[in-house]
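Counting convention: from 1, in listed order, for ligands and their atoms alike. Note that the structure is a prediction, hence the values are computed from the model and not measured.
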Amino acid sequence: MKKTSPKRSAELACTERSRSIEARNRRILIIHGPNLNLLGKREPEIYGKFSLEDINKEIKKLAKEKKVAVDILQSNHEGEIVDAIGSSSKKYSAIVINPAAYTHTSVAIRDAVSAIDVPVVEVHLSNIYHREEFRQKSLIAGVATGQISGFGANSYLLGFLAAVELINK
Ligand code: CA2
């Protein structure tokens with residue numbers, strides 16, 4: 001068998017390393033907050049007729065088009081969302097999050113977002129600024145890279161495209 005020179009081995013190791021860095025750098029985490037698993041089943045006049053599965057399917061389609069890997073988490077638990085954000089830097093280069101009701105209450109999620117160097121795009125199906133007063137304040141917006149609100153299921157796709165732009169920068 002032909003022997004690989006030390007220089008060639010170093011080059012191969014380097015290529016391997018950049019490949020894995022590139023894989024990590026093109027991976028986006030989508031986080032759906034509490035009760036978003038109920039989408040499509042109730043309150044379609046506010047949140048639209050699409051189920052969470054429908055939205056996830058569209059996100060995966062877009063991810064394929066944009067050559068970006070995507071992982072999706074739905075959780076009704078604040079601590080689980082905090083943990084996912086906290087451990088995101090190793091694996092993800094951007095996060096798209098709909099914190100749902102935690103948008104208006106969670107200092108823990110805000111602190112988790114502000115503690116990481118991964119860009120975070122906040123999305124909402126409804127326009128939270130057109131709704132009840134308690135929904136008009138987002139604790140996350142001040143530490144997110146940006147926010148998209150009011151475009152129904154398209155908010156996720158617009159948020160995803162914003163995240164891809166941030167990665168490509
Ligand atoms: O507009 C959004 O995306 C929200 O983040 C949705 C949250 C709400 O608490 C925020 O104020 C705005 C609610 C998510 C739960 O969605 C449901 C869907 C169907 C039935 C019940 C809840």
Side-chain angles (χ1 to χ4, degrees), residues 27-66 68-89 91-168:
R27 185 171 285 271
I28 292 175
L29 175 63
I30 308 288
I31 303 176
H32 302 291
N35 296 314
L36 284 162
N37 52 314
L38 302 175
L39 272 184
K41 296 186 182 109
R42 269 177 272 151
E43 305 194 59
E45 64 293 348
I46 302 176
Y47 299 120
K49 61 179 189 315
F50 296 109
S51 69
L52 197 61
E53 290 71 37
D54 295 332
I55 292 175
N56 288 343
K57 228 187 257 171
E58 290 305 311
I59 293 171
K60 285 178 190 164
K61 227 192 304 172
L62 189 57
K64 214 170 185 185
E65 240 172 68
K66 296 291 171 189
V68 171
V70 67
D71 290 328
I72 302 178
L73 165 76
Q74 189 278 322
S75 177
N76 293 330
H77 305 280
E78 189 176 21
E80 196 179 346
I81 295 172
V82 168
D83 286 344
I85 295 168
S87 59
S88 61
S89 342
K91 198 166 170 193
Y92 299 101
S93 44
I95 296 176
V96 176
I97 182 170
N98 182 348
Y102 288 139
T103 306
H104 320 294
T105 62
S106 181
V107 175
I109 293 177
R110 178 194 170 95
D111 287 349
V113 168
S114 107
I116 54 166
D117 54 5
V118 177
V120 173
V121 181
E122 177 187 351
V123 301
H124 296 284
L125 297 153
S126 62
N127 183 337
I128 58 172
Y129 304 100
H130 284 177
R131 301 191 61 194
E132 304 97 316
E133 207 178 333
F134 72 89
R135 291 189 205 273
Q136 292 177 21
K137 175 78 196 155
S138 166
L139 294 187
I140 316 304
V143 290
T145 306
Q147 186 201 63
I148 292 163
S149 179
F151 298 96
N154 278 335
S155 289
Y156 279 99
L157 303 181
L158 293 167
F160 191 84
L161 287 174
V164 171
E165 279 301 306
L166 291 167
I167 292 176
N168 288 342

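- With Arg131, Lys41, Gln136, Arg135 as candidates, the residue nearest to atom 8 (C) of ligand 1 on a non-hydrogen basis is Arg135.
- When heavy-atom distances to ligand 1 are checked against a 4.0 Å cut-off, Asn98 comes that close only through its side chain, counted from C-beta outward.
- Remark: of the listed residues Asn35, Leu125, Leu36, Leu38, Leu125 is the sole one forming a side-chain contact (heavy atoms from CB on, under 4.5 Å) with Tyr47.
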### Message
As a quick check of understanding, evaluate salt bridge (charged side-chain N to carboxylate O under 4.0 Å, His left out) for Asp54 and Lys49, giving each step before the final call.
### Response
CA-CA 10 Å; Asp54 295 332; Lys49 61 179 189 315; over 6 Å; no

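- No more than 12 heavy atoms of other residues, nucleotides or ligands lie within 6.0 Å of CZ in Phe50, so this atom counts as exposed by the packing criterion.
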### Query
After noting the C-alpha distance and the side-chain angles of Gln136 and His130, does the key distance pass the side chain to side chain contact (heavy atoms under 4.5 Å, CB included) rule?
CA-CA 7 Å; Gln136 292 177 21; His130 284 177; over 6 Å; no

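- At the top of the distance list for atom 14 (C) of ligand 1, counting protein heavy atoms only, stands Leu36 CD2, 3.7 Å.
- Side-chain N/O atoms of Asn76 and Glu78 include no donor and acceptor closer than 3.5 Å.
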### Query
What do the steps show when you test Thr103 against Glu122 for side chain to side chain donor-acceptor pair (under 3.5 Å), and what is the final call?
CA-CA 9 Å; Thr103 306; Glu122 177 187 351; 4.6 Å; no

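- Ligand 1 has no nitrogen or oxygen under 3.5 angstrom from a nitrogen or oxygen of Glu43.
- An N or O contact shorter than 3.5 Å is missing between Tyr47 and ligand 1 by distance.
- In this structure, the protein non-hydrogen atom closest to atom 19 (C) of ligand 1 is Arg42 O, 3.2 Å.
- At least one N/O-N/O distance between Ser126 and ligand 1 falls below 3.5 Å.
- Of the candidates Leu39, Asn56, Val96, Asn56 is the only one forming a side-chain contact (heavy atoms from CB on, under 4.5 Å) with His32.
- Of all atoms in ligand 1, numbered sequentially from 1 with element shown, those under 4.0 Å from a heavy atom of Ala101 are 9 (O).
- Regarding atom 4 (C) of ligand 1, its nearest protein heavy-atom neighbour is His124 ND1, 3.7 Å.
- The shortest contact between atom 10 (C) of ligand 1 and any protein heavy atom is with His104 NE2, 3.5 Å.
- For the residue pair Ser126 and Arg131, a side-chain donor N or O sits within less than 3.5 Å of a side-chain acceptor on the partner.
- Taking any N or O of Leu125, backbone or side chain, at least one lies under 3.5 Å from an N or O belonging to ligand 1.
- Every atom of ligand 1 is numbered from 1 in the order shown, and the set under 4.0 Å from a heavy atom of Asn35 is 15 (C), 16 (O), 17 (C).
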